[in-house]
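From a predicted model like this one, the values you see are computed outputs, not experimental measurements.
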Amino acid sequence: MIATLAETTSSIFLSKLRDEMLRDSKGRQILRERPIVNSETIDLLYLRKLPEGTFGKEYTNFLNREMVTPDTREKVKYIEDEELAYVMQRYRECHDFFHTLTRLPVSVEGELALKWFEFAQTKLPMTLISSVVGPLLLSNSERTRLFEKYVPWAVQCGSQSKLLMNVYFEECWNKDIDEMRKELGIYLVE
């Protein structure tokens with residue numbers, strides 16, 4: 001249902017996101033080559049053998065720690081424009097890369113913080129809807145922590161950092177993750 005909501009509310013925002021990708025050389029390359037993120041296209045065994053501190057190793061550490069795989073993203077069904085459908089699919093498939101870079105856990109608080117970050121980056125309505133409705137699932141102390149700690153960080157970091165949709169993550173496996181964060185303007189929440 002969330003995937004359907006995202007698709008049915010995002011057309012004008014996806015056009016703007018696609019246009020931002022077209023203004024960037026890597027974004028254009030991604031739109032031209034249309035890489036797919038799943039366990040058939042990513043050599044997870046290779047990534048697990050990379051040195052600690054590389055983006056690829058940290059990504060597989062995240063997958064292992066959170067017990068998730070790159071195969072859980074819904075396919076886009078309700079966006080007719082082929083290029084915009086790809087932008088939405090790419091956004092979904094890169095979600096765990098965003099977790100890896102921000103070091104946010106897969107928890108209600110972590111997901112909501114990431115949604116605020118993604119809203120600052122993409123302006124997709126679904127990210128804002130999740131950000132507003134999701135806190136209802138939290139306790140008072142969790143909600144306070146979310147709005148006092150995570151939301152200010154997410155809005156500032158997400159709006160100041162490079163647009164992550166323009167990162168060709170598949171070319172970054174061997175990069176030092178701290179250097180990558182620095183290049184992208186991402187700092188971790190304290």
Side-chain angles (χ1 to χ4, degrees), residues 1-7 30 35-77 86-122 124 126-139 141-143 145-147 149-151 153-154 157-158 161 164-165 167-181 184 186-190:
M1 295 301 283
I2 292 172
T4 301
L5 177 66
E7 291 177 34
I30 291 165
I36 302 297
V37 178
N38 62 44
S39 58
E40 292 179 19
T41 61
I42 296 174
D43 187 347
L44 294 172
L45 292 175
Y46 166 75
L47 297 183
R48 285 187 175 100
K49 294 177 186 174
L50 290 174
E52 291 293 334
T54 59
F55 175 67
K57 179 66 172 181
E58 295 302 316
Y59 171 64
T60 57
N61 287 348
F62 167 81
L63 295 176
N64 294 340
R65 183 175 57 252
E66 301 296 344
M67 295 182 287
V68 295
T69 74
D71 300 318
T72 58
R73 303 294 166 212
E74 273 297 307
K75 296 290 181 210
V76 173
K77 299 174 190 159
Y86 176 74
V87 172
M88 177 60 82
Q89 192 67 42
R90 179 71 176 173
Y91 160 73
R92 286 180 184 167
E93 291 175 358
C94 289
H95 181 79
D96 291 337
F97 298 149
F98 302 166
H99 269 291
T100 302
L101 285 172
T102 61
R103 207 181 283 157
L104 291 169
V106 176
S107 65
V108 175
E109 274 182 285
E111 291 295 341
L112 290 171
L114 192 55
K115 287 299 169 211
W116 279 99
F117 178 92
E118 291 172 349
F119 177 71
Q121 287 247 313
T122 68
L124 292 174
M126 181 275 306
T127 59
L128 183 60
I129 293 167
S130 297
S131 301
V132 172
V133 175
L136 300 174
L137 302 171
L138 299 173
S139 68
S141 63
E142 291 169 328
R143 198 169 16 261
R145 186 172 47 244
L146 175 70
F147 286 107
K149 178 180 179 179
Y150 289 108
V151 172
W153 164 84
C157 186
S161 60
L164 297 186
M165 291 295 291
V167 177
Y168 209 135
F169 292 101
E170 298 86 343
E171 295 178 347
C172 299
W173 301 132
N174 293 294
K175 276 189 155 188
D176 178 274
I177 195 164
D178 291 327
E179 286 301 314
M180 194 172 164
R181 286 183 183 116
L184 297 172
I186 292 176
Y187 58 93
L188 302 177
V189 66
E190 296 177 9

*Asks:* Does the side-chain contact (heavy atoms from CB on, under 4.5 Å) test come out yes or no for Tyr91 and Thr127, once each step is laid out?
*Replies:* CA-CA 11 Å; Tyr91 160 73; Thr127 59; 3.1 Å; yes
*Asks:* Tell me if a side-chain donor or acceptor on Arg181 pairs with a main-chain N or O of Tyr187 at a distance below 3.5 Å.
*Replies:* no
*Asks:* Any side-chain heavy atom of Pro70 sitting closer than 4.5 Å to one from Leu44?
*Replies:* yes
*Asks:* Applying side chain to side chain contact (heavy atoms under 4.5 Å, CB included), name anything that partners Arg145, two or more places apart in sequence or on another chain.
*Replies:* Glu109, Glu142, Lys149, Tyr150
*Asks:* Of all the heavy-atom pairs spanning Leu104 and Ala113, show the shortest one and how long it is.
*Replies:* CD1-CB, 3.9 Å
*Asks:* Is there side-chain contact between Met180 and Cys172, with at least one heavy-atom pair below 4.5 Å?
*Replies:* yes
*Asks:* One pair to check against side-chain contact (heavy atoms from CB on, under 4.5 Å): Val167 and Leu184. What are the steps and the verdict?
*Replies:* CA-CA 9 Å; Val167 177; Leu184 297 172; 3.6 Å; yes
*Asks:* A side-chain contact here means heavy atoms from C-beta on lying under 4.5 Å apart; do Phe98 and Leu164 qualify?
*Replies:* yes
*Asks:* Verify whether one side chain among Arg48 and Asn61 offers a donor that lies under 3.5 Å from an acceptor in the other.
*Replies:* no
*Asks:* When you measure from the side chain of Gln89 to the backbone of Val76, do you find a donor-acceptor pair of N or O atoms at a distance under 3.5 Å?
*Replies:* yes
*Asks:* Strictly by modelled atom types, are Thr54 and Asn174 linked by a side-chain donor-acceptor pair under 3.5 Å?
*Replies:* no
*Asks:* How close do Pro135 and Ser130 get, counting heavy atoms only, and between which atoms?
*Replies:* CD-O, 4.0 Å
*Asks:* Mind listing the closest non-hydrogen atom pair of Pro35 and Ile30 along with its distance?
*Replies:* CD-O, 3.5 Å
*Asks:* Evaluate side-chain contact (heavy atoms from CB on, under 4.5 Å) for Phe169 paired with Val37, printing each intermediate quantity in order.
*Replies:* CA-CA 10 Å; Phe169 292 101; Val37 178; over 6 Å; no
*Asks:* Is there a side-chain contact between Thr69 and Leu63 in this structure, where contact means two heavy atoms from C-beta onward sitting under 4.5 Å apart?
*Replies:* no
*Asks:* Report yes if the side chains of Glu111 and His95 come closer than 4.5 Å at any heavy-atom pair, otherwise no.
*Replies:* yes
*Asks:* Any donor and acceptor pair, going by atom type alone, linking the side chain of Asp71 with main-chain N or O of Ser39 inside 3.5 Å?
*Replies:* yes
*Asks:* Given Trp153 and Trp116, is the side-chain contact (heavy atoms from CB on, under 4.5 Å) satisfied, shown in steps?
*Replies:* CA-CA 9 Å; Trp153 164 84; Trp116 279 99; over 6 Å; no
*Asks:* Run the salt-bridge test on Glu170 and Arg90 with the 4.0 Å N-O cut-off and return the result as yes or no.
*Replies:* yes
*Asks:* Are the side chain of Arg73 and the backbone of Arg92 linked by a donor-acceptor contact shorter than 3.5 Å?
*Replies:* yes
*Asks:* Is it the case that the side chains of His99 and Glu66 hold a donor-acceptor pair, with the cut-off being a distance below 3.5 Å and no angle test?
*Replies:* no
*Asks:* About how many Å separate OG1 of Thr60 and CG of Leu45, when rounded to the nearest 0.5 Å?
*Replies:* 10.0 Å
*Asks:* Measuring from atom CD1 of Ile186 to atom CG of Leu101, what distance do you get when rounded to the nearest 0.5 angstrom?
*Replies:* 4.5 Å
*Asks:* Can you name the residues that form a side-chain hydrogen bond (donor to acceptor under 3.5 Å, both in side chains) with Asp43, not counting sequence neighbours?
*Replies:* none
*Asks:* Spell out, as yes or no, whether a donor-acceptor pair under 3.5 Å connects the side chain of Thr41 to the backbone of Ile36.
*Replies:* yes
*Asks:* Rounded to the nearest 0.5 Å, what's the gap from CG on Leu137 to CZ on Arg143? Could you check?
*Replies:* 9.0 Å
*Asks:* Which pair of non-hydrogen atoms, one from Glu58 and one from Ile177, has the smallest distance, and what is that distance?
*Replies:* CB-CD1, 3.7 Å
*Asks:* Can you tell if the side chain of Asp96 reaches within under 4.5 Å of the side chain of Phe62, non-hydrogen atoms only?
*Replies:* yes
*Asks:* Tell me, with the steps shown, if Ser161 and Gln121 meet side chain to side chain donor-acceptor pair (under 3.5 Å).
*Replies:* CA-CA 8 Å; Ser161 60; Gln121 287 247 313; 3.0 Å; yes
*Asks:* What residues, two or more places apart in sequence or in another chain, satisfy salt bridge (Lys or Arg N to Asp or Glu O under 4.0 Å) together with Lys49?
*Replies:* none
*Asks:* What do you reckon, are the aromatic ring centroids of Tyr59 and Trp173 less than 6.0 Å apart?
*Replies:* yes
